[in-house]
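Treat the numbers as computed from the prediction; the structure is a model and nothing was measured. Just so it is clear: chains get the letters A, B, ... in the order the sequence lines come, proteins before strands, and each one is counted from 1. What's counted below: heavy atoms across the whole structure, side chains too, no hydrogens, waters or symmetry copies.
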4 protein chains.
Amino acid sequence: MNDEAEAESGVDAGDAVTPPATAPGRPRDEEASGRIRAAALKLVREEGYGQVSISRIAKEAGAARQTLYNRWPTKAELVLDAFFAQANAIAARPDPAPDVPRSIVLRDFLCDIFAHLQRDGAALRSLIAAAQQDEDFCAIFRTRFVEPRGHIVEELLRDAQKRGELGAGRDTAMLTALVHGAFWYRLLNGQALDDRLAQGIVAEIFGG
Amino acid sequence: MNDEAEAESGVDAGDAVTPPATAPGRPRDEEASGRIRAAALKLVREEGYGQVSISRIAKEAGAARQTLYNRWPTKAELVLDAFFAQANAIAARPDPAPDVPRSIVLRDFLCDIFAHLQRDGAALRSLIAAAQQDEDFCAIFRTRFVEPRGHIVEELLRDAQKRGELGAGRDTAMLTALVHGAFWYRLLNGQALDDRLAQGIVAEIFGG
Amino acid sequence: MNDEAEAESGVDAGDAVTPPATAPGRPRDEEASGRIRAAALKLVREEGYGQVSISRIAKEAGAARQTLYNRWPTKAELVLDAFFAQANAIAARPDPAPDVPRSIVLRDFLCDIFAHLQRDGAALRSLIAAAQQDEDFCAIFRTRFVEPRGHIVEELLRDAQKRGELGAGRDTAMLTALVHGAFWYRLLNGQALDDRLAQGIVAEIFGG
Amino acid sequence: MNDEAEAESGVDAGDAVTPPATAPGRPRDEEASGRIRAAALKLVREEGYGQVSISRIAKEAGAARQTLYNRWPTKAELVLDAFFAQANAIAARPDPAPDVPRSIVLRDFLCDIFAHLQRDGAALRSLIAAAQQDEDFCAIFRTRFVEPRGHIVEELLRDAQKRGELGAGRDTAMLTALVHGAFWYRLLNGQALDDRLAQGIVAEIFGG
DNA sequence: GTGTAAGCGAGACGGTACGTCGTGTCTTGGA
DNA sequence: TCCAAGACACGACGTACCGTCTCGCTTACAC
């Protein structure tokens, strides 16, 4: 998606034996990437995706406009990257304790997400929007955001089925769409994402 | 939302005594409004909201750019107006036969929407996207599209509760979010909207 | 130049015997012409020709824009007409007393013009400008304004030659251009038109 | 008057110690400035100031519209700049030979101007017209065109006085207005500007 | 050291769209 | 037939972004 990200995920990462294959020329100022991401996130949070231009992000970050273009092909990808850089912590959750009912685990998962979205709801909305307008972006967004989160929920529901907490006949893919759908629907329509909602969704899914 | 619409609804609204209050000056060319709406719809369908400019709509409709500004304050309002002028037919559904289970009515409602979205799915996606990037657009979109459809489903679910087809304890607002959410989630993620999905949603809601 | 003006100069004017050949339909509101002329003059005086639009004159006069177009083909012609309607008094001067030196007559003539231009300088400037941009307007302006005033001065200078107050060899046409030229030059460059200037011009012409 | 001109003159001005202070960022394409000026000049000559729009100049020059706005704040400034860039050659005349009577020098100066106006008379007319309709334009026009030429003539007349070729009591400022006035008056009234006129003006001023 | 190669800040460039304004023409209802 | 009102087609205006480019300067490694 962006050069830097590719480099990070590249084979060289972490392998101290292979020489870093240092590129010639002046290396990138990685600090600048951070400043830019932070600026992007800040402006999107404060004013919304549509009100923010690349120029303004560059100015806010004290970077040249071209620097942004060098690193991210699109405002959308920049914001996406900025968003993930601090949001990925959510996905990396520890395995739940075995004695906790899966409904509670799901509820906590949703509460956690909703708590983060108090702050980053606007950014996520803008990312969903951007995904509708660019095929490539959509693919990345789905791969890196939608599907991982979908899998977490679906896995959780399957686990619940195994444990007998959820009827075996239930279509977990469908349930996943219902869970995430309810959350997206309310997010995209500017409605509150609170613990009551999390509780309600879980109740509908599990309570039946 | 636009002057013309208000005028129209103003004349018809209740008070038959008030004379038609024909505005002074040359009347608007209503045919042009139709042409403009059609052009807007066509272009949004073909290329998406973001790719369409007011100039292009005007040119496509054979009207002056200013004429569009005279009638709609924003591209957003124009496109939504155009979109709803032909989409509201869906909402205006006859009351269902009393002997049909509400689950079937809901299923048919969803199937109907899905069928329409075979054609307008891309346009709706771009509208939802636009709503995330523009506060005003979002408000209009919600008032004229999201909420009416939400009310239809919620009413239907309440009706089902009255008829005993749905547990009285269920939170109809929550269920509405689940129903529409699942549909939005799949639409926005490029997944199929077919009768099987409609059936599945209904089964989860009603069947448990 | 304008319909009304043509009508005025037509054969019927003043001839009470010929029936007025009343046109069918509603007669023109001649009062409106006055209001419009006054509004045009007022706005041009206050804000300058360029800052005034036809719409504003119409609004100021409480008339419809079309009414202005009906009567004058151009903003320039309207202002020209408004200007002449109150400026032609200058040209209609009594024959000077025979015992007054022609240099004094010329000086008084210039002082008189300059005095009027304290108020209408801006309008005249705009008329001269308009004449540069429209061939037809230029012709009218020359016929109705430039040449009459030129003839007055030239006649005056010839008279002075006859009376021996001015050398017989002097080129009166050239002198006329010098006199009016000096005055135009200062007007068009925003310099003062005062009695000192009038005195100076006369001194140069007559004093040698 | 325009940024570029100021920068140019700034560098050369006196202080050779100051480094050239190369501006950061991509330098302006000076060739483009030339193309734009040439296009402006061409269009104004062919169609007059009022008929030319910034868009057309940009298109004719093969430049973006914004580029013009970047360099000149106004169509007026652009056109005047273009006009003067080639007209100032006239003003930059060598000092006349000491043995030539100043009347001859003035005559030649006028003949020279008149010769140039064979080509640019229409353009100058439209510029004078524009100056009457726009305060700012007028100021620039006066500073960069009217006054320099006025000074040339006035200096010449003062010189003539020193040399005893012109009466010491004559008001040179007034004479300057007469000279230029006659020339403007005939230009603006579509009359010929030929050598005979130049001769006549000089004769009136000097010959008396 | 001294190339050489790239990143960086700055900002100009060709474009495109925006929303506003003015023009001259037209089309209503009412006088 | 005119008038007041205002819609209409047209086109210029000045602004804002976009994505690309071109400067001079600054870093690094490699010779």
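Per the geometry, CD belonging to C:Glu31 stands 12 Å off P belonging to F:dC3, to the nearest Å. In this structure, A:Lys59 places its NZ atom 13 Å from C1' of F:dC17, rounding to the nearest Å. When the P atom of F:dC18 is taken as reference, atom CD of B:Gln51 falls 14 Å away, rounded to whole Å. Remark: P of E:dG22 and OH of B:Tyr69 are 17 Å apart, rounded to the nearest angstrom. Counting to the nearest Å, the P atom of E:dG9 and the CD atom of A:Glu60 are 14 Å from each other. Taking atom CD1 of residue C:Ile54 and atom P of nucleotide E:dC21, one finds them 17 Å apart after rounding to whole Å. Put simply, CZ on C:Arg56 is 8 Å from P on E:dG22, counting in whole angstrom units. Taking atom CG of A:Leu68 as the reference point, atom C1' of F:dT20 lies 15 Å away to the nearest angstrom.
Taking side-chain N and O atoms only, A:Asn70 has no distance below 4.0 Å to OP1 or OP2 of E:dG7. Contact between the side-chain N/O atoms of A:Ser55 and the OP1/OP2 oxygens of F:dA16 is not found at any separation under 4.0 Å. Between B:Ser53 and E:dT16 there is no side-chain N or O to OP1 or OP2 distance below 4.0 Å. An OP1 or OP2 oxygen of F:dA7 is reached within less than 4.0 angstrom by no side-chain nitrogen or oxygen of B:Thr67. For D:Arg26 and E:dG11, the shortest distance from a side-chain N or O to OP1 or OP2 is not below 4.0 Å.
At a cut-off of 3.5 angstrom, the base of F:dG6 holds no donor-acceptor pair with the side chain of B:Arg28. Looking at D:Arg65, its side chain has no donor and acceptor atom pair within 3.5 Å of the base of E:dG14.
Nucleic acid contact for B:Gly62: sugar-phosphate only, since backbone atoms but no base atoms lie under 4.0 Å from a heavy atom of the residue. Using a 4.0 Å heavy-atom cutoff across all strands shown, D:Ala63 reaches sugar-phosphate atoms only and no base atom.
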After noting the C-alpha distance and the side-chain angles of C:Arg56 and C:Glu47, does the key distance pass the salt bridge (charged side-chain N to carboxylate O under 4.0 Å, His left out) rule?
-> CA-CA 11 Å; C:Arg56 289 190 56 199; C:Glu47 316 195 24; 2.7 Å; yes
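Atoms NZ and OG, from B:Lys59 and B:Ser53 in turn, are 9.0 Å apart once rounded to the nearest 0.5 Å.
Heavy-atom distances to DNA chain F give each of D:Lys75 and B:Gln66 a nearest nucleotide, and the one nearer the 5′ end belongs to B:Gln66. Comparing A:Thr74 and B:Gly25 along DNA chain F, the residue whose closest nucleotide (by nearest heavy atom) sits nearer the 5' end is B:Gly25. Ranked by how close their nearest DNA chain E nucleotide is to the 5' end, B:Pro27 and A:Asp29 are led by A:Asp29.
Using a 4.5 Å cut-off on side-chain heavy atoms (C-beta onward), C:Arg71 and C:Ser33 make contact. Put simply, the side chain of D:Arg125 reaches to within 4.5 Å of the side chain of C:Cys138, judged on heavy atoms. Counting heavy atoms from C-beta outward, B:Tyr69 and B:Ile54 have side chains that approach closer than 4.5 Å. Side-chain contact between A:Val52 and A:Glu60 is absent, with no heavy atoms from C-beta onward closer than 4.5 Å.
Minimum atom distance to the side chain of C:Arg71 is reached by F:dC2, of the listed F:dC2, F:dA12, E:dA5. Out of E:dG11, F:dA5, F:dA12, the shortest distance to the side chain of C:Ala64 is found at F:dA5.
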